[in-house]
Number of protein chains: 2
Amino acid sequence: MNIWRHSVGRESLYRTSVSKLERGPDCAICPVRDHSLCLGLEPHELPRIAEKTTVLHGGAGEILFFEGDRAQHFFTLREGVIRLVRAFPDGRRSIVGFLHGGDFLGGSFGAGDYPVTAEAVTRIEYCRIAVGDLKELTNEFPALDQRLLTMSANRMQAAQDHIVLLSRKTAVEKVAAFLCASREWAGGADEFELPMSRTDIADYLGLTIETVSRVLTKLVESRAIGLRDARHITIKDYRELKVVAQPEAMSLDC
Amino acid sequence: MNIWRHSVGRESLYRTSVSKLERGPDCAICPVRDHSLCLGLEPHELPRIAEKTTVLHGGAGEILFFEGDRAQHFFTLREGVIRLVRAFPDGRRSIVGFLHGGDFLGGSFGAGDYPVTAEAVTRIEYCRIAVGDLKELTNEFPALDQRLLTMSANRMQAAQDHIVLLSRKTAVEKVAAFLCASREWAGGADEFELPMSRTDIADYLGLTIETVSRVLTKLVESRAIGLRDARHITIKDYRELKVVAQPEAMSLDC
DNA sequence: CGTTGTCTTGAGCTGATTCAAGCTCTGTGG
DNA sequence: CCACAGAGCTTGAATCAGCTCAAGACAACG
């Protein structure tokens with residue numbers, strides 16, 4: 001890392017700054033202990049994984065790895081938001097997913113390259129472990145494999161939801177679904193802050209920033225949501241929003 | 001299984017026939033032995049998994065499980081093609097992926113429901129094992145977990161490719177990408193048969209059948225492909241097709 | 001207090017959809 | 001053997017959801 005690279009996308013140049021390095025993690029006070037990889041471990045096993053793990057943090061915009069880089073590390077996000085990006089040479093960009101506290105990254109198990117670029121949306125804190133070390137640990141603690149499988153299955157399901165959204169939902173449905181998801185990500189309260197820009201939202205939903213903006217004002221006019229400013233959302237009619245967001249949610253009557 | 005259920009989609013009624021049941025598999029002659037789950041096992045370990053496994057086969061249109069069914073089984077596809085479907089009550093439909101020989105299904109690890117419906121596109125042959133039994137076996141053979149993780153990672157990458165395709169590619173790019181993928185699926189030869197209908201293709205690419213049809217005739221006119229009939233494709237200019245299909249494939253110059 | 005980046009809004013355009021025929025197989029029954 | 005029905009596919013014409021282009025609003029910042 002710590003390189004300059006020409007972007008093929010909207011931004012003209014990326015810069016990856018050196019992440020500030022800390023000592024091994026103090027797992028006892030880990031904010032994501034019970035919904036991350038480490039849920040698979042007993043408390044007394046944590047030191048074994050901690051000694052192979054480094055805690056890092058980085059600022060918004062920082063790049064953890066580029067698409068195509070050799071996948072040498074496995075990461076657990078402790079704090080903040082990360083976007084997974086694929087960019088086209090002609091400027092088109094697709095955000096394949098957003099990651100939040102507890103989510104893992106990397107871990108293209110078996111040899112391989114990262115299939116996406118990982119960028120910090122906000123200030124982030126994360127754990128890093130070499131894939132070789134993780135593999136050793138999974139031999140020692142089989143519960144880790146189970147946990148990895150469960151988390152992979154959850155991510156797969158999220159990806160499938162995303163596919164359905166992109167292939168068959170209208171702009172309003174997409175934005176409504178995004179707002180419902182953001183509400184969950186933010187903890188479930190009806191007022192929250194969006195960590196990402198309109199550009200990120202558009203590239204996640206397969207729309208333009210103009211369309212995202214227009215749909216949001218339409219939702220404000222229909223009193224489904226409120227906008228204190230561009231980043232501060234208030235959900236005013238969650239039920240309605242959810243109905244719009246999930247036309248596929250049929251009340252199964254059998 | 002073996003039930004009638006109203007479809008919420010284009011077809012008015014689904015029928016799930018009883019799959020013909022065979023004895024346990026003869027893994028020695030398994031057509032997908034070396035690119036399925038069982039790649040993780042030594043030859044002498046195969047009988048242990050075989051004794052818990054049932055081989056089944058079913059006809060085109062047969063449904064292995066419905067979205068929302070309790071995920072009690074794990075499947076390995078030996079022969080044929082399966083589509084993973086999500087349907088909306090209003091008739092919209094999305095195909096989240098196609099599966100081919102060696103691919104696995106189900107296995108929502110940890111308790112859970114199937115997030116999609118699995119339907120046979122062609123006549124199929126597949127292995128079925130209860131998730132509980134599989135879990136026991138993974139304790140016995142840790143290599144199975146590794147293999148599952150690797151396969152999950154590959155599927156995740158395919159899902160991400162699909163997301164990029166749906167969110168940022170044009171109709172021509174989508175169809176071109178689909179044809180390139182079909183070529184691989186069919187073994188890599190320039191002449192092959194499409195196992196699925198235009199409706200399936202459209203629901204996979206997030207287009208209408210009319211658009212798929214129009215794009216195909218356009219590709220015929222531009223001499224990139226030939227169409228003996230609707231299902232028989234000849235790739236005439238693979239290079240060109242690949243370039244159209246992957247506008248994201250930049251020749252990394254650094 | 002100008003500059004810069006982000007977001008909103010408007011007007012016109014367009015790629016893909018919708019609607020509506022018509023065509024081409026395949027199988028079935030007379 | 002041909003007529004006929006039905007499903008699946010293609011083609012054309014009109015429409016529209018979302019895009020492009022362009023301008024302006026607003027906040028943050030040096």
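If you're wondering where the values come from, they're calculated on a predicted model, not measured in any experiment. All values below come from the heavy atoms of this structure, side chains included, with hydrogens, waters and symmetry mates left out. Here is the naming used below: chain letters follow the sequence lines, and residue numbers restart at 1 for every chain.
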Rounded to whole Å, the NE2-P distance (His232(B) to dG8(D)) equals 17 Å

Rounded to whole Å, the CG-C1' distance (Asp229(B) to dC23(C)) equals 14 Å

Separation of dT24(C) atom P from Leu227(B) atom CG, nearest Å, is 14 Å

**Message:** Is it the case that the side chain of Thr122(A) and the backbone of Gly80(A) share a donor-acceptor pair, with hydrogens and angles ignored and the cut-off at 3.5 Å?
**Reply:** no

Between CD1 of Ile233(A) and P of dC7(C) the distance, given in whole Å, is 11 Å

Rounded to whole Å, the NZ-P distance (Lys169(A) to dA17(D)) equals 19 Å

Only one of Lys242(A), Lys169(A), Arg168(A) passes salt bridge (Lys or Arg N to Asp or Glu O under 4.0 Å) with Glu248(A), and that residue is Lys169(A)

If we only count heavy atoms from C-beta on, is the Arg93(B) to Val85(B) side-chain gap below 4.5 Å?
yes

- Query: Arg155(B) side chain to Phe104(B) main-chain N or O, any donor-acceptor pair under 3.5 Å?
  - Reply: yes

Within residues 210-220 of chain B, the residues having a heavy atom closer than 4.0 Å to DNA chain C are Glu210(B), Thr211(B), Arg214(B)

To the nearest angstrom, the CD1-C1' distance between Ile209(A) and dA22(D) comes to 13 Å

Those residues at least two apart in sequence (or on a different chain) that pass side chain to side chain contact (heavy atoms under 4.5 Å, CB included) with Ser182(B) are Phe178(B), Trp185(B), Phe192(B), Leu194(B)

Check: With side chains defined as the heavy atoms from C-beta onward, is the minimum distance between Thr211(B) and Leu205(B) less than 4.5 Å?
Finding: no

Given the options Val116(B), Asp200(B), Ile201(B), Val121(B), Ile95(B) meets side-chain contact (heavy atoms from CB on, under 4.5 Å) only with Asp200(B)

Leu166(B) atom CG is separated from dG15(C) atom C1', nearest whole Å, by 16 Å

Arg168(A) CZ to dG18(D) P, in whole Å, measures 13 Å

Q) Are Ser167(A) and Ser94(B) close enough, and set up right, to give a side-chain hydrogen bond (donor to acceptor under 3.5 Å, both in side chains), and what steps lead you there? A) CA-CA 7 Å; Ser167(A) 69; Ser94(B) 177; 2.9 Å; yes

Q.
If you compare every side-chain N and O of Thr208(B) against the phosphate oxygens of dA16(C) (OP1, OP2), does one of them come in below 4.0 Å?
A. no

- prompt: Is NZ or CZ of Arg183(B) both nearer than 6.0 Å to the six-membered ring centre of Tyr238(B) and within 45° of the ring axis?
  reply: yes

Short N/O separations, protein against nucleotides 27-30 of chain D, under 3.5 angstrom:
none

